[in-house]
Amino acid sequence: MTDEEVAERLEKVSYVFNPNEMKMINRAKVLIVGMKGIGSEVAKNLILCNVLSVTLLDNEVVELKDIGSQFFLSPNDVGKCSRSEASIEKLRELNRFAEVIVSKVEKLSEEYLKRFDAVVLTNNKSLTEVVEISNICHRNNIHTVISDGRGVFGWMFCDFGESFTVSDVDGQHPEVLLIEDISRGKQTKITFSDFSEPVLEEGDLVKIFEVQGMEEINQIETPIRVLSHKRSSIVLDLDSTEFSPYLVGGLVVQIKQQKHLTFKPFAEFIGSNSSQNNVLDYAKFEFASHYHPLLQALLIFQEKNNGKLPEFRNHTHSNEVIDIFRSINLKADNPFPIESIDENTLKKVIEISAGE
């Protein structure tokens, strides 16, 4: 790839992120653990976003089955080198400005993890190890993403620290609405033209521009809060009693608000109180309470079996995972045990979980 092609790609990235976000990305050092399908996709996207450095950690030798899910590998790599080593040159070709490194460490110590701003854990094989790494990252304010594919299913967990600010909660452009009328009062009502269909909600912030007549409203620098909304109007927390009468024109522009979030480490979501934190899929309502215990049971199974997942349609393995699932469900500190376990569906999911 030529310098011009790299520069063109980086310019496209700048349209997605604001300048402050681009600075954070350009300074970020990221560790990716596991270079199967998910890890390779994450590495590709981060490198194209021009992070400062990406460190790849996967010491397992390339197997034939890896080629089906990892597009940086070829048949020539099978049995010859690790997935990280086989991928690095093709990843470096994506962006010569991003440093791509192969790590061969055997144990992720706290001292080693503190070198990074973010850690992405994939190809996970042990609940104990995942919890340990998550705890280390959380107390050192290292952003953490943990993810895996399990057959046709997948899961992802994010921990961005005790205090994380989202500058744009929906990724949409701010609303710009044409004003048709403004009614004066202790609270100011703005009616919009037929061409504007507002999606503003209670609590949103707006500024007003280009109004003729009631020009005092144009001079308000502080964003104004929306108190209520209807299909073609909003009511603002603004006393306009003494303002000049409205004549014509004007725009209402939505001011995007930051949102402050608090994240917790993995153990607090995969442990006894996980049922409280499930995001329900209402299309599969009855099975929603099974998600976290099943994930936990699969990781425990792997921990007992040298990192291996249950074999395809192996009933002995699926029954073992279900037994682990039951023991998790019956824990004394589980405030929301599942009354009726859907073992038939569990078995179907477990017996394809090794697929990639």
Side-chain angles (χ1 to χ4, degrees), residues 24 27-43 45-46 51-60 70 82-85 87-88 99-150 153-164 261-274 277 291-309 324 328 353-354 356:
M24 293 174 64
R27 294 195 298 261
K29 297 178 181 179
V30 184
L31 171 65
I32 300 175
V33 181
M35 279 299 292
K36 288 192 172 185
I38 295 174
S40 61
E41 180 70 21
V42 171
N45 292 336
L46 288 173
V51 293
L52 181 62
S53 72
V54 173
T55 298
L56 313 176
L57 176 56
D58 190 332
N59 296 323
E60 294 184 4
Q70 219 274 46
S82 70
R83 286 188 283 261
S84 294
E85 292 169 325
S87 307
I88 188 168
E99 184 179 20
V100 187
I101 308 163
V102 167
S103 172
K104 295 185 178 182
V105 300
E106 295 294 334
K107 177 70 174 176
L108 290 174
S109 66
E110 183 161 359
E111 196 60 35
Y112 182 76
L113 290 168
K114 285 164 70 173
R115 301 179 188 182
F116 302 99
D117 303 295
V119 172
V120 180
L121 293 180
T122 71
N123 195 24
N124 300 291
K125 298 181 177 182
S126 163
L127 178 62
T128 303
E129 186 177 67
V130 169
V131 168
E132 180 184 351
I133 295 171
S134 170
N135 288 339
I136 290 172
C137 291
H138 186 81
R139 66 173 172 261
N140 288 285
N141 199 32
I142 301 167
H143 295 173
T144 311
V145 176
I146 308 172
S147 182
D148 264 318
R150 293 288 178 257
F153 303 95
W155 63 273
M156 183 175 70
F157 167 83
C158 298
D159 175 5
F160 300 145
E162 295 286 344
S163 179
F164 183 78
L261 303 177
T262 297
F263 292 82
K264 296 181 179 180
F266 185 75
E268 296 192 30
F269 286 87
I270 206 65
S272 60
N273 66 343
S274 63
N277 303 303
Y291 296 157
H292 288 186
L294 175 56
L295 169 57
Q296 188 177 4
L298 283 169
L299 284 169
I300 292 173
F301 176 90
Q302 288 181 271
E303 198 167 332
K304 292 179 176 180
N305 292 273
N306 297 316
K308 293 182 179 180
L309 284 159
I324 298 170
I328 294 168
S353 62
E356 297 178 21

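Note that this is a predicted model, so its numbers are computed, not measured. In this chain, residues are counted from 1 in sequence order.
Using a 4.5 Å cut-off on side-chain heavy atoms (C-beta onward), Phe266 and Leu121 make no contact. By the 4.5 Å heavy-atom criterion applied to side chains, Gln302 and Asn305 are not counted as neighbours. Residues Phe160 and Val145 have side chains in contact (heavy-atom distance under 4.5 Å, counting atoms from C-beta outward). Within the 4.5 Å cutoff, no side-chain heavy atoms of Ile38 are placed close to those of Met156.
In this structure, CZ on Arg115 lies 13.5 Å from CG on Asn140, to the nearest 0.5 angstrom. For the atom pair CD (Glu132) and CG (Leu108), the distance works out to 9.0 Å, reported to the nearest 0.5 Å.
For Phe116, the ring-ring contact (aromatic ring centres under 6.0 Å, His included) partners are Tyr112, not counting sequence neighbours. Take Glu303 and apply the salt bridge (charged side-chain N to carboxylate O under 4.0 Å, His left out) test, not counting sequence neighbours, and it matches no residue.
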- Query: What's the verdict on side chain to side chain contact (heavy atoms under 4.5 Å, CB included) for Ile146 and Val130, showing C-alpha distance, side-chain angles and the deciding distance?
  - Reply: CA-CA 8 Å; Ile146 308 172; Val130 169; 3.8 Å; yes
Applying side chain to side chain contact (heavy atoms under 4.5 Å, CB included) to His138 and Glu162, what does each step give before you reach the verdict?
CA-CA 8 Å; His138 186 81; Glu162 295 286 344; 2.8 Å; yes
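Of the charged side-chain nitrogens involved, at least one lies within less than 4.0 Å of a carboxylate oxygen, so that Lys104 and Glu85 count as a salt-bridged pair.
At distances below 3.5 Å, not a single donor-acceptor pair connects side-chain atoms of Gln70 with backbone N or O atoms of Ser40. Side-chain atoms of Asp148 do not come within 3.5 Å of backbone N or O of Thr122 as any donor-acceptor pair. For Thr262 (side chain) and Ser163 (main-chain N/O), no donor-acceptor pair under 3.5 Å exists by modelled atom type. Listed for the Thr144 side chain is a donor-acceptor partner under 3.5 Å among the backbone atoms of Ile142. Using modelled atom types, one side-chain atom of Ser84 and one backbone atom of Asp58 make a donor-acceptor pair closer than 3.5 Å.
Pairing each heavy atom of Ser134 with each of Phe157, the nearest pair is OG-CE2, 4.4 Å. Between Leu56 and Val54, the closest heavy-atom pair is CD2-CG1, 3.7 Å. Listed here is the closest heavy atom pair of Val131 and Ala267: CG1-CB, 3.8 Å. Heavy atoms only, all atoms of each residue included: Cys137 and Leu113 are closest at SG-CD1, 4.5 Å.
The aromatic rings of His143 and Phe164 lie perpendicular to each other, with more than 60° between the two planes, well past the 30° mark.
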